[in-house]
Structure formats: structure tokens, C-alpha cells
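Some notes on the structure that comes next.
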Amino acid sequence: MSLLRSLRDPADLRALPAEQLPALAAEIRDALVSSVARTGGHLGPNLGTVELTIALHRVFESPREPIVFDTGHQAYVHKMLTGRVEGFDRLRQRGGLSGYPSRSESEHDWVENSHASTALSYADGLAKAFAVRGDRRPVVAVIGDGALTGGMAWEALNNIAAAKDRPVVIVVNDNGRSYSPTIGGVADLLAGLRLRPGYEQALLAIRQTLHRAPVVGSALYDALHGLKKGVKDVLAPQGMFEDLGLKYVGPVDGHDVEVMESALRRARSFGGPVIVHAVTTKGFGYPPAETDQVDAWHATGVFDPDSGVGPAVARDWTAAFSDELVRIGAERADVVAITAAMLHPTGLAAFAERFPDRTFDVGIAEQHALTSAAAMAMGGLHPVVAVYSTFLNRAFDQLLMDVALHRQPVTVVLDRAGVTGADGASHNGMWDMSICSVVPGLRLAAPRDEPTLREAVREAVAVTDGPTVVRFPKGAPPVDIPALERRGPVDVLRRGERADGDGGGVDSTVLLVAVGSMVPMCLAAAERAADHGIGVTVVDPRWVLPVADELLDLAARHRLVVTVEDGGRAGGVGATLSRALQDRQVDVPVRAVGLPQAFLEHGSVGQVRADVGLTEQDVARRIAEWSAVVTERAEQAAAVAPVDGAQQ
Ligand SMILES: Cc1ncc(C[n+]2csc(CCOP(=O)(O)OP(=O)(O)O)c2C)c(N)n1
Ligand SMILES: CC(=O)[C@@H](O)[C@H](O)COP(=O)(O)O
Ligand SMILES: [Mg+2]
């Protein structure tokens with residue numbers, strides 16, 4: 001019987017003899033590699049937290065004593081140890097385990113949000129709640145060195161350090177990396193501590209040696225242990241954390257379960273705020289990941305576990321953006337690039353290689369990225385800030401009140417815009433058009449293919465009086481989709497057939513406004529509608545904010561406007577166009593197709609889009625339903641309209 005599969009819950013783990021733990025760790029590591037090879041996932045981070053998570057669940061009694069994982073991508077071992085090892089065969093798939101903690105999956109999971117740097121705030125909040133209720137149970141937060149570069153983490157540390165009697169155990173999982181090596185002063189501090197001989201290792205070695213000398217040994221060990229400050233300062237000065245009012249334990253070898261357990265038990269015994277500094281290696285124990293210099297297999301697709309080789313990665317939107325930005329960088333010395341610890345995932349690595357002095361990694365700090373970009377623009381540069389769409393949420397106020405209020409020429413490039421699917425509700429890039437729609441002076445482009453992406457980036461960096469945003473989805477762009485004609489910024493992709501009664505200012509029945517990645521599906525839906533005698537003109541606005549006059553003119557020449565966007569409907573393109581038409585007193589009905597304002601369950605992009613009606617069949621069906629209504633109304637109106645001269 002598999003040791004891992006014999007563990008039904010952490011109580012079984014706590015009952016396991018210590019000498020069996022190395023075998024358990026090895027089995028978990030094998031299970032991680034073999035299952036993630038089939039499903040894809042965050043292999044590197046989870047190989048780095050095997051021993052650390054075993055020790056956590058042996059020292060703390062989850063779920064009563066909460067263990068919160070920052071970002072949550074490193075919680076696979078936690079899931080395996082809390083009764084879910086069988087579910088890994090469908091990891092990140094519809095109906096299978098989420099790739100992050102999930103409250104609906106287990107009472108052991110407290111936080112589902114995969115946006116980084118939040119765990120310490122959850123720990124502070126939980127500890128305050130328990131204190132108010134007279135409960136002294138400890139709360140544990142596991143935070144990576146990368147997440148520790150996020151501003152929220154320091155807001156929380158400030159609060160946690162203030163309460164000496166609230167038992168918050170902060171486990172810093174320090175592997176020296178976000179994707180790439182972690183940057184900044186915090187990273188340097190941790191690196192400095194990492195290089196010192198481990199205080200815990202030293203204590204453990206002393207204990208093991210001394211306890212072999214029965215009488216004097218134990219007394220001497222206790223004396224040394226009692227001198228913990230002295231011993232520790234010799235081994236691992238950690239002034240900053242202790243100056244903050246936090247006890248510091250470490251650095252400890254995060255891959256030694258016994259040392260980790262010892263450190264965690266001591267941390268638990270303090271009964272107040274304490275940091276346990278665990279030093280780990282991303283990808284530990286699987287050489288293809290451990291030795292990967294780019295990102296230690298932070299996130300991987302399916303691969304052959306024996307060779308470590310996966311399928312060739314298709315050219316994607318990110319590569320096209322990356323290539324165009326390098327071209328622009330060669331022409332414009334004022335263009336600089338900013339990443340929030342995601343240089344490679346957002347396509348800035350090539351720019352960094354070519355222009356290292358014009359590339360800035362600010363850590364997982366999107367707020368700082370936007371405001372410092374505003375300042376760089378004030379200093380005469382044109383910054384390009386590349387982030388995943390969902391992480392722009394983190395920097396909304398900075399976009400609004402630092403970039404836009406000061407009308408600074410900053411370009412924000414949003415990768416992973418729209419449904420991303422497998423990473424679940426907190427990763428879908430469905431909020432950006434809604435939040436950008438309220439920002440005065442902001443221009444937003446949603447290119448439909450590689451040529452319009454390249455064009456949009458160039459147009460964006462040419463803007464000098466305010467923020468520009470360019471959004472595109474995860475994956476590969478479609479084959480190029482040429483326009484029949486361009487009216488201002490608006491590309492006409494298909495002219496709708498005229499129906500009986502059209503003419504006299506009506507070009508066709510339906511104006512279908514297709515946003516970005518929705519264009520191919522909308523063209524197909526228009527063909528389906530045409531097969532049923534419905535005339536559909538398809539346009540791509542390219543720049544969806546602000547609403548172009550030419551789009552309003554086109555809308556006025558149709559009986560019905562249907563917008564289709566890979567974003568939330570609230571404040572989306574449909575809502576914004578509808579308001580612009582009202583402002584111009586154009587009463588053509590608008591029907592908006594988009595994502596519901598909901599947290600969408602993980603699954604493939606196709607599954608999630610099908611769930612919410614973003615398919616050619618659904619769009620065609622709805623066009624037929626809506627156009628039947630407007631056509632009937634038009635016919636009724638025509639029937640009762642006075643004939644010239646008659647019945648006056
Ligand atoms: C606000 C935010 N920005 C960016 C990301 C993307 N992201 C996911 S994990 C990660 C790196 C995390 O590094 P670290 O905290 O050190 O954890 P590790 O993967 O090293 O265990 C990043 C940047 C995110 N999840 N949240
Ligand atoms: C955990 C995290 O936020 C990212 O690593 C996320 O998994 C993005 O994955 P992709 O880069 O595959 O879209
Ligand atoms: Mg890290």
C-alpha cells in the first residue's frame with residue numbers, strides 16, 4: 001500500500017513515525033512529477049514545498065489552525081496530505097481539482113484568490129478574529145520570497161508585528177525566485193540570511209552531539225538554547241525582522257523535515273508573531289525543473305517525465321508583442337519596459353536582452369509599476385508596462401490617479417485578457433475593459449490578429465497625452481483577418497446583406513461589433529445568420545475606448561447592434577457603446593454579449609466560453625432572436641406610419 005495513499009488526513013500524517021517521512025517525501029515528489037506530466041501545472045513551486053508542507057501539517061492542526069498559502073500555486077502537497085491525492089489525475093480540468101486552494105474542495109483550504117501577496121493580510125485578519133473571540137489558536141501563512149516583494153505583504157507585516165500576543169507564524173518559502181530570480185532589497189536581505197549557516201541546523205547538530213553526552217550534554221544544550229539570541233545572532237543576524245518586532249527563526253533547510261518541524265514547533269511555542277525563514281529550491285528533486293534557468297518550471301504544460309521534454313510551444317500572441325516591442329525599442333530610445341516579476345511570461349525577455357538598461361523588474365508590485373511608470377513618463381520616457389490582465393486590478397487606482405490624472409503617456413500591455421480557463425476564477429482577464437472604461441482619457445485597443453496587434457502597440461506608444469492599453473488573450477493568434485475597409489479606427493470585416501425594407505439609411509439589419517479575439521467566432525456567427533436570411537455587418541472597432549464616431553455612425557445605419565466581448569459585460573464595450581449612442585440620441589437597440597459578472601469555474605477556455613454563451617452557435621441564435629423582434633417592430637411601425645399626404 002502506498003504510504004501517501006494510506007494517509008486519509010493530517011492526523012494520520014502526525015501519527016507517522018519520523019523515520020518514515022523521507023520515504024513519504026520521495027513518494028510525494030514522484031507523484032507530483034508523474035501527475036503534472038499528464039495534466040500540466042505548477043511543478044517547480046510544488047517540488048519546492050514537499051518537506052515544508054509535511055512539517056507544517058505535523059506541527060499545526062489544520063483546518064482548526066489555518067494554513068494559508070500565498071498565491072496558492074504551491075499547495076498541491078497540501079492537497080495531497082488533506083485527502084485529495086486521487087484527484088490529481090484531473091488537476092485544473094473541468095470537474096477536477098483546482099490548481100489553487102478551493103474552499104469548495106476542502107475545509108483545509110481557506111483562500112482561493114491566486115493574486116500574490118495577500119496571505120499575510122489573511123493571517124492578520126484571522127488572528128484578529130480569533131483574538132476577539134478569545135481564541136488563542138495559531139494562524140500560519142506560507143509566503144514566497146516573490147510574494148514578499150508585494151506591497152500588501154508589508155502592510156500586513158506592519159500590523160502583525162504590532163500585536164505581540166497574536167500567534168501568527170509566517171513561513172517564508174525562500175527559493176530565491178518568482179519566475180526569474182527575485183529582485184530588490186527584500187530579495188537581497190533574504191539572500192544574505194540564506195548564505196549564513198542555518199541556526200536550526202546548528203542547534204540540531206549541537207543537540208544531537210550533546211545529547212550523546214547524557215548529563216553535561218543536555219544541560220549544555222539547554223543553556224545554548226537559552227542563549228538563542230546570542231547563538232542566532234552569531235549564525236544568522238536578522239535585524240530587520242526583529243527590528244520590526246517579529247521573532248525570526250532560521251534560516252532553516254526547507255528540505256529537511258526534521259529541521260523544519262523543529263523550527264515550526266519553536267515558532268509555535270512563541271505564541272506571538274514569528275517568521276520562519278525556510279530556504280528551498282524551486283523544482284527540488286527533479287533535475288529538468290531544478291536546473292532550468294528561466295523559471296525552474298514555475299508552470300509547465302504536459303511533458304515526458306523521463307526525458308523532461310514537452311511538446312513544442314506554438315507561436316503565441318505574447319511572442320508577437322515581444323517581437324514588435326523590440327522593433328519599437330530600436331527606433332525609440334525613450335521607450336522602456338516594466339515587468340512585475342514576469343519578464344518571460346509577458347514577453348519582455350527579448351527587450352531586456354536587447355535593452356537591459358531600459359528594462360525594469362519591480363517585483364510582484366503592479367501598483368508600484370504603474371505609479372513609477374507615470375513618473376518615468378514625467379521624466380521624458382514612454383514606459384510600456386506588461387502585466388496579465390487580471391493583475392491590472394491590483395493597480396487600478398495608480399492607473400486612474402497617477403497615470404491618467406496626470407495625462408502621462410504610459411502604455412499598459414495586458415496579456416491573458418479574456419477567459420484563461422485552467423487557472424480559475426481569479427485569473428480570467430475579464431475585468432480590464434470594465435475598469436478601464438471609467439478612466440478619463442484612457443484609450444484601449446483589442447487587436448484581432450497579429451498585424452492589428454503590432455499596429456495597436458505602435459499606435460499606443462505614439463500617444464503622448466494619456467494612458468493607452470492593449471489587450472490580447474492567452475494562446476495563439478488566428479490567421480490574419482484583413483479588413484474590407486477602414487472607417488476611422490473601425491475595420492469593416494463583413495458587409496451585411498440588405499433585407500426587404502432596408503435602405504433609406506439602413507444598411508443592413510444587424511451591426512455585429514466583434515471585440516479582439518471574438519472576431520473569428522463573430523464572422524462565423526454572421527455566416528450562420530446570413531444562411532437564415534439575416535443581414536449582418538461585422539466590424540472590429542480595434543480601439544474600443546473611447547467609442548469612435550465612425551462606430552456610432554455605423555450603428556445608426558442598422559436596426560440592431562450586437563456587441564461581443566471576451567470581458568465582463570458590466571462597463572464593457574456593449575455598455576459603453578450603448579451609453580455613447582444614448583448621449584448622441586441614437587435609439588438603435590444594443591444587445592451586449594460577454595462574460596457574466598461571475599467567478600467562473602476552472603476548465604478549458606472552450607468550456608468556459610460555452611458555459612457563458614460565447615460560441616458561434618449561441619451568438620447566431622441570439623442574433624436571430626433579437627433581429628426577429630426588431631424586424632417585426634420595424635414592420636409594425638411601417639404598417640401604421642402615415643402614407644405621404646394621406647389621413648392628414
Ligand atoms: C498580483 C500578482 N501578480 C503576479 C502574479 C503571477 N505570479 C504567480 S506566482 C508568481 C511568482 C511567485 O513567487 P514566490 O512568491 O516566490 O513563489 P514561488 O513560485 O517561488 O514558490 C507570480 C509573479 C500573481 N499571482 N499575482
Ligand atoms: C500562479 C500564477 O499566477 C501564474 O503562474 C499563472 O499560473 C499564469 O499561468 P500562465 O502563464 O500559464 O497563463
Ligand atoms: Mg519564490
Side-chain angles (χ1 to χ4, degrees), residues 40-50 52-53 69-77 91-92 98-101 111 113-120 141-153 171-184 186-187 190-191 194 254 278-284 289 295-301 313 316-318 339-347 361-370 385-396 414-424 426-429 473-475 602 605:
H42 289 94
L43 184 61
N46 285 283
L47 286 171
T49 54
V50 173
L52 178 155
T53 309
F69 291 88
D70 196 286
T71 315
H73 61 302
Q74 77 292 55
Y76 295 3
V77 181
L91 179 67
R92 295 159 49 95
S98 163
Y100 304 88
V111 175
N113 176 16
S114 62
H115 289 200
S117 315
T118 63
L120 304 192
V142 180
I143 184 167
D145 55 296
L148 205 53
T149 61
M152 273 188 74
V171 181
V172 176
N173 173 29
D174 178 11
N175 53 31
R177 283 178 167 277
S178 288
Y179 284 74
S180 315
T182 305
I183 64 91
V186 171
L190 292 173
R194 259 199 319 268
V279 179
T280 63
T281 301
K282 209 161 189 175
F284 187 77
D295 67 7
W297 286 33
H298 173 86
T300 176
V313 177
D316 59 11
W317 284 95
T318 312
T339 178
M342 297 180 75
L343 188 77
H344 289 88
T346 59
D361 181 348
V362 297
I364 309 181
E366 287 82 3
Q367 295 168 324
H368 178 65
L370 268 291
V385 182
V387 296
Y388 282 7
S389 164
T390 188
F391 303 136
L392 177 66
N393 302 355
R394 183 63 62 85
F396 170 66
L414 300 179
D415 199 333
R416 274 49 174 189
V419 173
T420 53
D423 279 293
S426 53
H427 259 78
N428 289 310
K474 182 172 184 172
H602 68 271
V605 172

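Order of listing sets the numbers, starting from 1, for every ligand and every atom in it.
- If you check the side chains of N173 and T280, you find a donor sitting under 3.5 Å from an acceptor.
- Those atoms of ligand 1 that come under 4.0 Å of a heavy atom in T71, given as number and element, are 8 (C), 9 (S), 25 (N).
- The closest side-chain heavy-atom distance from N428 to T420 is below 4.5 Å.
- The shortest heavy-atom distance from H42 to ligand 2 is under 4.0 Å.
- Within ligand 2, counting atoms from 1 as listed, the ones closer than 4.0 Å to a heavy atom of F391 are 3 (O).
- The shell of residues lying under 4.0 angstrom from ligand 1, judged by heavy atoms, excludes G48.
- Of all atoms in ligand 1, listed by their number and element, those nearer than 4.0 Å to a heavy atom of G146 are 13 (O), 14 (P), 15 (O), 16 (O).
- Considering only non-hydrogen protein atoms, atom 11 (O) of ligand 2 sits nearest to Y388 OH, 2.6 Å.
- Checking only distances, A147 does come within under 3.5 Å of ligand 1, N or O to N or O.
- Of the protein's non-hydrogen atoms, the one nearest atom 9 (O) of ligand 2 is D423 OD2, 3.6 Å.
- By the criterion of a heavy-atom distance under 4.0 Å, the side chain of N173, and not its backbone, is placed next to ligand 1.
- Not one N or O of T182 is nearer than 3.5 Å to an N or O of ligand 1, by distance alone.
- In this structure, OG1 on T339 lies 8.5 Å from CD on E366, to the nearest 0.5 angstrom.
- Of all protein heavy atoms, the one closest to atom 25 (N) of ligand 1 is S114 O, 2.9 Å.
- Here D415 contributes atom CG and T318 contributes atom OG1; the two are 3.5 Å apart, rounded to the nearest 0.5 Å.
- Summarising the contacts of atom 2 (C) of ligand 2 with H73, R92, H427, the nearest heavy atom is found in H427.
- Atoms OD1 of D145 and O of R177, as seen from the Mg ion (ligand 3), are separated by an angle of 100°, to the nearest 10°.
- Partner H115 forms a side-chain hydrogen bond (donor to acceptor under 3.5 Å, both in side chains) with one of N393, T71, T390 and no other, that one being T390.
- With a heavy-atom cut-off of 4.0 Å, M342 touches ligand 1 through its side chain alone.
- Listed by number with element, the atoms of ligand 2 under 4.0 Å from a non-hydrogen atom of H298 are 5 (O).
- The atoms of ligand 1 that sit less than 4.0 Å from any heavy atom of H115 are 26 (N).
- Distance from atom 7 (N) of ligand 1 to its nearest protein heavy atom, with residue and atom name: Y179 CE1, 3.9 Å.
- Here R177 has backbone heavy atoms under 4.0 Å from ligand 1, and that is the only part of it that gets that close.
- Not a single donor-acceptor pair under 3.5 Å links the side chain of D174 to the backbone N or O of V279.
- Atom CD1 of I183 sits about 5.0 Å away from atom CG of D361, to the nearest 0.5 Å.
- R92 is listed as a side-chain neighbour of H42, based on a closest heavy-atom distance under 4.5 Å.
- The nearest heavy-atom contact from the protein to atom 24 (C) of ligand 1 is F391 CZ, 3.2 Å.
- Heavy-atom separations between T420 and ligand 2 are all 4.0 Å or longer.
- Between R394 and ligand 1, no N or O atom pair is found at a separation short of 3.5 Å.
- Under 4.0 Å from ligand 1, the heavy atoms of N175 that appear belong solely to its side chain.
- Which of H298, K282, E366, H42 comes nearest to atom 3 (N) of ligand 1 through a heavy atom is settled by distance: it is E366.
- Here's the thing with D145: one of its N/O atoms is less than 3.5 angstrom from an N/O atom of ligand 1.
- The protein atom (non-hydrogen) at minimum distance from atom 23 (C) of ligand 1 is I364 CD1, 3.6 Å.
- The shortest side-chain heavy-atom distance between Q367 and F396 does not fall under the 4.5 Å cut-off.
- Using a 4.0 angstrom heavy-atom cutoff, M342 does not count as in contact with ligand 2.
- Looking only at protein heavy atoms, the nearest one to atom 5 (O) of ligand 2 is Y179 OH, 2.6 Å.
- Residue L148 holds its CG atom at 7.0 Å from CG of L120, rounded to the nearest 0.5 Å.
- Using a 4.0 Å cut-off between heavy atoms, S117 makes no contact with ligand 1 at all.
- A distance-only check finds a donor-acceptor pair linking the side chain of D70 to the backbone of A119 [under 3.5 Å].
- Judged by distance alone, with hydrogens and angles left aside, the side-chain atoms of K474 form no donor-acceptor pair with the main-chain N or O of W317 at under 3.5 Å.
- Atoms OG1 and OH, on T53 and Y76 in that order, are 13.0 Å from each other to the nearest 0.5 Å.
- Distances below 4.0 Å separate heavy atoms of G144 from the following atoms of ligand 1: 14 (P), 15 (O), 16 (O).
- In the vicinity of R416, heavy-atom distances shorter than 4.0 Å reach the ligand 2 atoms 10 (P), 11 (O), 12 (O), 13 (O).
- Between H73 and ligand 1 there is a heavy-atom distance shorter than 4.0 Å.
- One distance of note links CD1 of I364 with OG of S178; it measures 4.0 Å at 0.5 Å rounding.
- Distance from atom 13 (O) of ligand 1 to its nearest protein heavy atom, with residue and atom name: S178 CA, 3.4 Å.
- Less than 6.0 angstrom separates the ring centroid of H73 from the ring centroid of H298.
- Considering both main-chain and side-chain atoms, A341 never comes within under 3.5 Å of ligand 1 through any nitrogen or oxygen pair.
- Heavy-atom contacts of K474 reach the following atoms of ligand 2: 10 (P), 12 (O), 13 (O) (cutoff under 4.0 Å).
- Taking 2.8 Å as the threshold, N175 counts as a candidate ligand of the Mg ion (ligand 3), since one of its N, O or S atoms lies below it.
- For ligand 1, the polar-atom distance check against A116 finds a nitrogen or oxygen pair separated by under 3.5 Å.
- Backbone and side-chain nitrogen or oxygen atoms of H427 are examined, and none is located within less than 3.5 angstrom of a nitrogen or oxygen of ligand 1.
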